[in-house]
Enquirer: 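Here's a structure for you.
The shown structure was predicted, so the numbers you read here are calculated from the model rather than taken from an experiment.
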Amino acid sequence: MPQTPQYTPKPANSVQITQILSTIPHQLVQGDPSGTVSGVRQDSRQLNPGDLFVAIPGFTVDGHRYLESAIANGAAALVVQDDRRQFWQPIADAHPQLTVVSVDDTRAALPEIAAAYHDYPARKLSVVGVTGTDGKTTTSYLIHAILTAAGLPTGLLNGVEFHAGGQRSRNETGETTPEADVIQAKLAEMVAAGDTHAILEVSSHALELHRADQINTRVAVFTGLSDDHLDFHQTRDRYLAAKLKLFESLDDHPGSRAVVGAEDEHHPTITGAHNGPTTIVAATPDTVADVSVIASARDARGSDVRVVTPAGALGARLPMPGDYNLGNAALAAGAAWSLGVGPVPMQAALNELRPVPGRMESIEEGQAFTVIVDAAATGPALDLALQTLKPHVAGRLILVFGVAGERDPIRKSSMAAAAAQYADHTVITNENPRSEDPVEMVDEIAGHLVEAGGESFDVQPDRREAIRRAVSMAQPDDLVLVAGKGAEPTLIYADRVEPWDDREVARELLNSLPTTRLSQ
């Protein structure tokens, strides 16, 4: 596989305020617009001296309440929203030498400002955007692997990691798709590192809230839609409409393509959302498609597959179990095909694929049973994960799961229903309760589990103790699935954020088992 040279990020550029505001309507409140700034930030805590601070009205926190904090941290200029004058005018009056600019909508202005500051990095990259309810992260990893195997220097920005110039770092933002200032900075890092392509995981929140503006998508991939995030979008139609923004944006770039599954119920809608071509993919035999990934044999660790393209077909090993991962691989192959990549790099990428962090990732510490960590955090995703594993478990399928707080309430009942149907024993615990009461949450999930017919379960709000309970009770031939967080690096409570990694906790607890529980 080709090696990408290491790189050192360039120092921050100094850019004139007038230059980065030239494409958006704005009003100079005070100060010198010919002055320069050395960065763009919407989080006052991350602001460096000389940066421009864009105050974003959020759902729980309004950036206009942190203007003094931004000034204290060295903000060289402020961009504020017209209708928040009661917050910013007294501060502007108190700092008459500070440049202050007002706009109608700071959230919509942020991607324009950040892109202009970084000299529009997405225009220098072939960007693949991946959206859908489930499968985004896995599909983005697979596309990245195929393009890299094809010798194309490729960056990655998904809910788990950032890649630029062959270097990886964790996504510590807690967001599937970060805010626009972070996205544009990461795209600029990719350009500076010599990357020619970029893979972005694009959430519906990002599309609705302008985070994904100015990413200049050339290939848009749709992984499917299920009932989730309706607490934010209210209806399924509005949820789908948010996703469609990515495909509608393709019309701004001649030659751009969409990628969608042949049997996806939204296939006609995706195809009709833009005027350009669509690459149709399939993961089932005898389905008419441009690109297919068809399994010839399956087991608990993956599938033997045949990758079929108009340029030929080759056999490969997909080291990820489940029909849904065949679908993810087909979407990835279709995206790569849309960029001119043939079947040989596809074969090489699948055969050499490193474990996708927290996606059906097997944890091996010499134990006599199987432990898998997966990010399934919705009812349909957990249902698929359990369906996939169940036929390959000779003993019991032991499940550890919780439901994220401040998310669509339907997750509690739908995930409990999946557990009741497929798990032989369930340990109900917490997963990012946020402002919800952790004890009340697990009790509510237990109630849904009983309603769905579940009988064998424990309730343990402490996630570490829940995983300990599962691995302590596991016997040879059992399989323990720790679901919901995957490779997420934190546990989020109302009053604190704790470092966390299901995989590392599982390894630690497995290593604490008596030697009699280890494989001989």
Side-chain angles (χ1 to χ4, degrees), residues 127-140 142-143 146 199-204 206-208 212 217-230 233 235-295 303 305-310 313 318 322-339 341 346 378-381 383-384 387-388:
V127 176
V128 180
V130 183
T131 197
T133 304
D134 298 310
K136 298 186 296 297
T137 299
T138 298
T139 302
S140 68
L142 289 167
I143 300 169
I146 295 171
I199 318 301
L200 270 61
E201 183 177 354
V202 185
S203 68
S204 58
L207 290 161
E208 193 71 22
T217 309
R218 300 309 173 104
V219 176
V221 181
F222 185 72
T223 67
L225 195 78
S226 61
D227 287 335
D228 193 31
H229 300 302
L230 299 187
H233 297 288
T235 68
R236 206 167 195 259
D237 286 344
R238 290 176 62 179
Y239 182 27
L240 177 59
K243 297 291 189 186
L244 291 179
K245 292 177 186 289
L246 184 67
F247 299 89
E248 293 162 353
S249 73
L250 294 176
D251 287 343
D252 296 332
H253 313 291
S256 298
R257 298 181 73 94
V259 181
V260 65
E263 297 178 335
D264 192 299
E265 64 175 306
H266 299 293
H267 166 189
T269 305
I270 298 300
T271 302
H274 69 111
N275 295 318
T278 298
T279 299
I280 308 301
V281 306
T284 53
D286 304 320
T287 300
V288 177
D290 300 303
V291 175
S292 300
V293 176
I294 308 299
S303 302
V305 301
R306 189 165 179 79
V307 181
V308 183
T309 76
L318 175 64
D323 288 349
Y324 61 95
N325 277 321
L326 292 171
N328 292 335
L331 290 166
W337 175 258
S338 299
L339 291 167
V341 175
M346 298 177 192
T378 66
D383 193 274
L384 278 172
Q387 279 190 59
T388 295

Enquirer: Heavy atoms only: give me the nearest L207-K245 pair and the separation to one decimal.
Expert: O-CD, 3.5 Å

Enquirer: What's the shortest heavy-atom distance between S292 and A289, and which atoms?
Expert: OG-CB, 3.9 Å

Enquirer: Under 3.5 Å, is there a donor-acceptor pair between the side chain of T217 and the main chain of V127?
Expert: no

Enquirer: How long is the gap from OG1 on T139 to CG on D134, to the nearest 0.5 Å?
Expert: 10.0 Å

Enquirer: Mind checking what makes side chain to side chain donor-acceptor pair (under 3.5 Å) contact with E248, not counting sequence neighbours?
Expert: none

Enquirer: Applying side chain to side chain donor-acceptor pair (under 3.5 Å), name anything that partners T138, two or more places apart in sequence or on another chain.
Expert: none

Enquirer: Considering all heavy atoms of both residues, which atom of K136 and which atom of V202 are nearest to each other, and what is their separation?
Expert: CD-O, 3.8 Å

Enquirer: For the pair D251 (side chain) and N275 (backbone), establish whether a donor and an acceptor sit closer than 3.5 Å, ignoring hydrogens and angles.
Expert: yes

Enquirer: Of all heavy-atom pairs between V293 and A333, which one has the smallest distance, and what is that distance?
Expert: CG2-CB, 4.3 Å

Enquirer: Considering residues at least two apart in sequence or located in another chain, which fulfil the side chain to side chain donor-acceptor pair (under 3.5 Å) criterion with D290?
Expert: none

Enquirer: Distance-only check: which donor-acceptor pairs under 3.5 Å involve side-chain atoms of residues 253-261, not counting sequence neighbours?
Expert:
unit_1 : atom_1 : unit_2 : atom_2 : d
S256   : OG     : H253   : O      : 2.7
R257   : NE     : T279   : OG1    : 2.9
R257   : NH2    : T279   : OG1    : 3.2

Enquirer: Tell me which one of L339, N328, L331, V128 satisfies side-chain contact (heavy atoms from CB on, under 4.5 Å) with I143.
Expert: V128

Enquirer: Measure the CD1-CG distance between I294 and L326 for me, rounded to the nearest 0.5 Å.
Expert: 8.0 Å

Enquirer: A quick test of your reading: do over 12 heavy atoms of other residues, nucleotides or ligands sit less than 6.0 Å from CG of D252?
Expert: yes

Enquirer: Is there side-chain contact between I270 and D264, with heavy atoms separated by less than 4.5 Å?
Expert: no

Enquirer: So how far is it from T131 OG1 to F247 CZ, rounded to the nearest 0.5 Å?
Expert: 6.5 Å

Enquirer: Working to the nearest 0.5 Å, report the span between CG of L225 and CD of E265.
Expert: 7.5 Å

Enquirer: What is the distance from atom CG of N325 to atom CG of L318, rounded to the nearest 0.5 Å?
Expert: 6.0 Å

Enquirer: Suppose we screen for side chain to side chain contact (heavy atoms under 4.5 Å, CB included). Which residues come up paired with T388, at least two apart in sequence or across chains?
Expert: P321, Y324

Enquirer: Run the side chain to side chain donor-acceptor pair (under 3.5 Å) test against T271 and tell me which residues pass, sequence neighbours left out.
Expert: none

Enquirer: Shortest non-hydrogen contact from H266 to F222?
Expert: CB-CE2, 3.9 Å

Enquirer: Between L246, L244, L250, which is the residue that forms a side-chain contact (heavy atoms from CB on, under 4.5 Å) with H274?
Expert: L250

Enquirer: Could you check whether any side-chain N or O of K243 sits under 3.5 Å from a backbone N or O of G132, counting only pairs where one atom can act as donor and the other as acceptor?
Expert: yes

Enquirer: So which atom in A330 and which in V291 form the shortest heavy-atom distance, rounded to 0.1 Å?
Expert: O-CG1, 4.5 Å

